Number of protein chains: 2
Amino acid sequence: MTTVTDREQQVLERIDKARRRKPKVKEERITSAHGAGGKATQTLVEAVFLDAFRNPALEPLGDAAQLTVGDTRLAMTTDSFVVSPLFFPGGNIGDLAVNGTVNDLAVAGATPRHLSCGFILEEGFPVEDLRRVVASMTAAAEAAGVTLVTGDTKVVGKGTGDGCYINTTGIGVLDPDRALGIATARPGDAVIVSGPVGDHGVTIMLERGELDIVADDLESDTAPMHELCRGLLDAVPGVRAMRDATRGGVATILNEVARAANVSVVVDEDMVPVRDEVRGASELLGIDPLYVACEGRLVAIVDGDKADDAVAALRQDPLGTDAAIIGRVGDDPPGMVLIKTAFGGTRIMDLLVGDPLPRIC
Amino acid sequence: MTTVTDREQQVLERIDKARRRKPKVKEERITSAHGAGGKATQTLVEAVFLDAFRNPALEPLGDAAQLTVGDTRLAMTTDSFVVSPLFFPGGNIGDLAVNGTVNDLAVAGATPRHLSCGFILEEGFPVEDLRRVVASMTAAAEAAGVTLVTGDTKVVGKGTGDGCYINTTGIGVLDPDRALGIATARPGDAVIVSGPVGDHGVTIMLERGELDIVADDLESDTAPMHELCRGLLDAVPGVRAMRDATRGGVATILNEVARAANVSVVVDEDMVPVRDEVRGASELLGIDPLYVACEGRLVAIVDGDKADDAVAALRQDPLGTDAAIIGRVGDDPPGMVLIKTAFGGTRIMDLLVGDPLPRIC
């Protein structure tokens, strides 16, 4: 049973009121929060992009659009990568760009097939760095079983870029018999993560030297999850949805689940796998690790009766050895994510406000 | 018959020698020339990207990759847009981004279907400008019969972007019975352009105020060419290839044709449609209009016997009313483009060196 305090009840009412309003961008200018994956991003997407482009493929706002082209069911997804720095422990912008798009296809239940890549290079960017990035993309594509089939290169002047930005767009083949989607989550479902959260985001922050700590063993979890996803789908019939927990982290995804399915999600803080280094750095940053980006972790919403089977299936894959059930879907309060803290309390885990971790991917 | 002077013969030998070498990027750092679409871009693409990503879909380096996904023949293409300024007579970065990708699909013989869009916004970019860009994208997508099905937004700090960059990636359905490709050009084929060249590039340069002239009537030719392409293909059986003449202009495409098919291309300067304003501005810029970007003009290589039918078919479309035969494919000198000037001479029209028109698209 979820306990909602008076204060939480007030928050609930405020949010409910906000949701009945048409989303509206109040700011006159773009701020970093519009790119952070939280509340401002959601408002921008809904008020500007969705309102203009409105079509059935776009509206679910999933990780990938689901399309029928010719006789084939396809998934299509796009991501631009602006991570800073370009090179970091565990990877660089190149493998991040390939894995990120591969993962958006994989969690949609698609078999990733082909990727495009568009480079925006700043004048003066070292050609040798570009070669390293491209070599990582090649290796990542091979590991994920995708081909890089078309590309584009633009160059911008000094001070109008930052070395190298990469867009990757991917297409994959959908299984026509499988319908995944966060809107299908229902009370009783389990919330599962495939491994420790926040590794990527904290690695980037430490690499920037913005925190006065060193964590030698920590590295980005960037990895292609196509086999992890396939293994789960093949092993367990009750998978409702999968998402990869990038910008905004696990907490943001759970908020999207709660809203899309009009359910509650209750997370048990004690059950969330977090590395000590990530926990420590997150405390210094004043951010919950559940909001920190991963680049090789999925969140799965699975029929509660199949939850143990799902965890067992995930643990078969090297990327899922630390998979864990971290929470449950409920019916009240609808549209909300609550977290039961280690100290026995319950608090609301709302969408991120502002941008505590800029240019994380 | 083509006359090749001694000087030209020397150039020929030098180029032939260069082509036998493995392409190699000599610069240590990226320069604007690497993004200009000419010689430096070609070397970068061949030496860095193609060498690493090597696969059958990428290697033809066409406007779009040709793929088989499931049971469907697809074309896929990507383009990042960094045009400066964002708004210009005849359009803005939004419709340019939609039309550019639609055209890459259309000239590949595909029916454009779905587009992704990835925004990289600079902090401080006016939300109202974003709305205008998005509104133009919506209108352009509707005109081209495509849907914008998936998107992404990243925000970068001040001084690491320039307002708004947009990547669009598109997929379209290929007719399995139609094989187009510049490598199929053969001696006797006609070279056709669908209208006046260079309007877009000169419009951008004038809008930047870099030339002390005003041309009130001139505007970008940005437009979707899907119907123009379809009309030509349906009317004439002997179409070998179509390309849209963007960065690097018609001259760059003809060089690609000459290399890919190992043929010569001889252009008759008198026959090239060029508006007076474009001719005047090009003279001031010291550039041949044949190198200046268009955003709504195609180059078609067509069986010589069908050339008049092809021109007639193009002229049926509002975008093709000024279509003209501008040259012929020959066999000697292979790999070269020559232009017969208005004064009776012949000169080599090689790939562009440097970047006379930066950030044109």
Side-chain angles (χ1 to χ4, degrees), chain A residues 25 27-32 34-35 41 44-45 48-49 52-53 55 57-58 64-65 67 69-72 74 76-80 82 113-114 116 118 120-121 123-127 130-131 134-135 138 147-157 159-162 165 167 169 171 173 359, chain B residues 25 27-32 34-35 41 44-45 48-49 52-53 55 57-58 64-65 67 69-72 74 76-80 82 113-114 116 118 120-121 123-127 130-131 134-135 138 147-157 159-162 165 167 169 171 173 359:
Chain A
V25 178
E27 302 82 11
E28 284 188 5
R29 292 179 179 274
I30 294 294
T31 70
S32 68
H34 289 116
T41 305
L44 183 74
V45 168
V48 178
F49 299 121
F53 298 158
N55 65 68
L58 178 65
L67 310 167
V69 181
D71 298 323
T72 306
L74 285 183
M76 180 175 190
T77 187
T78 191
D79 243 326
S80 296
V82 300
R113 289 288 306 276
H114 303 294
S116 64
I120 298 177
L121 304 176
E123 254 186 294
F125 184 60
V127 172
L130 181 62
R131 285 187 195 280
V134 165
T138 307
T147 46
L148 292 153
V149 293
T150 186
D152 177 59
T153 309
K154 294 293 189 304
V155 177
V156 295
T160 56
D162 194 13
Y165 297 147
N167 175 283
T169 302
I171 57 175
V173 181
R359 290 185 54 190
Chain B
V25 178
E27 302 83 10
E28 286 188 5
R29 292 181 178 272
I30 294 294
T31 69
S32 68
H34 289 116
T41 305
L44 183 75
V45 168
V48 178
F49 299 121
F53 298 156
N55 66 67
L58 178 65
L67 311 167
V69 181
D71 300 321
T72 305
L74 285 183
M76 181 176 187
T77 188
T78 192
D79 243 325
S80 295
V82 298
R113 289 289 304 277
H114 303 293
S116 65
I120 299 178
L121 304 176
E123 255 184 293
F125 184 61
V127 172
L130 181 61
R131 285 186 196 279
V134 165
T138 307
T147 48
L148 292 152
V149 293
T150 187
D152 176 58
T153 309
K154 293 293 189 303
V155 177
V156 295
T160 56
D162 195 12
Y165 298 147
N167 175 282
T169 302
I171 57 175
V173 180
R359 292 187 52 192

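These numbers were taken from a predicted model, which means no experiment stands behind them. Letters go in sequence order (proteins before strands), and every chain restarts at 1.
The contact between A:V82 and chain B is made entirely by side chain atoms (from C-beta outward), counting heavy-atom distances below 4.5 Å. Only the side chain of A:Y165 comes within contact range of chain B, judged by heavy atoms closer than 4.5 Å. In this structure, chain A has heavy atoms under 4.5 Å from both the backbone and the side chain of B:T169. Only the side chain of B:N55 comes within contact range of chain A, with heavy atoms under 4.5 Å apart. With a 4.5 angstrom heavy-atom cutoff, B:A135 does not touch chain A via any of its atoms. If you measure heavy-atom distances from A:L148 to chain B, the contacts under 4.5 Å come from both the backbone and the side chain.
The choice from A:H114, A:R113, A:R131 that makes the most heavy-atom pairs within less than 4.5 Å of chain B is A:H114. Between chain B and the residues A:D71, A:V48, A:V45, A:D162, the largest count of heavy-atom pairs under 4.5 Å involves A:V48. Looking only at heavy-atom pairs under 4.5 Å with chain A, the residue among B:L130, B:V173, B:L44, B:T41 that has the most is B:L130. The candidate with the highest count of non-hydrogen atom pairs below 4.5 Å against chain B, out of A:L121, A:T147, A:N167, is A:N167. Among B:S80, B:P126, B:A65, B:G35, the residue with the largest count of heavy-atom pairs under 4.5 Å with chain A is B:S80. Per-residue heavy-atom pair counts under 4.5 Å with chain A were compared for B:V69, B:V134, B:T78, and the maximum is reached by B:T78. Here B:V156 is the residue among B:V156, B:V25, B:T31 with the most heavy-atom pairs under 4.5 Å with chain A.
Under the 4.5 Å side-chain criterion, counting only non-hydrogen atoms from C-beta, B:T160 is in contact with A:R359. Side-chain contact check for A:L67 versus B:I171: some heavy-atom pair is nearer than 4.5 Å.
The minimum heavy-atom distance linking A:R29 with B:G124 is given by the pair NH1-O, 2.6 Å. Here the closest heavy-atom approach between residue A:V149 and residue B:A57 is recorded as CG1-CB, 3.6 Å. Contact record, B:M76 with A:S116: CE-N, 3.8 Å, taken as the closest heavy-atom pair.
Of the residues B:T153, B:D152, B:T138, the one that meets the side-chain contact (heavy atoms from CB on, under 4.5 Å) test with A:F49 is B:T153.
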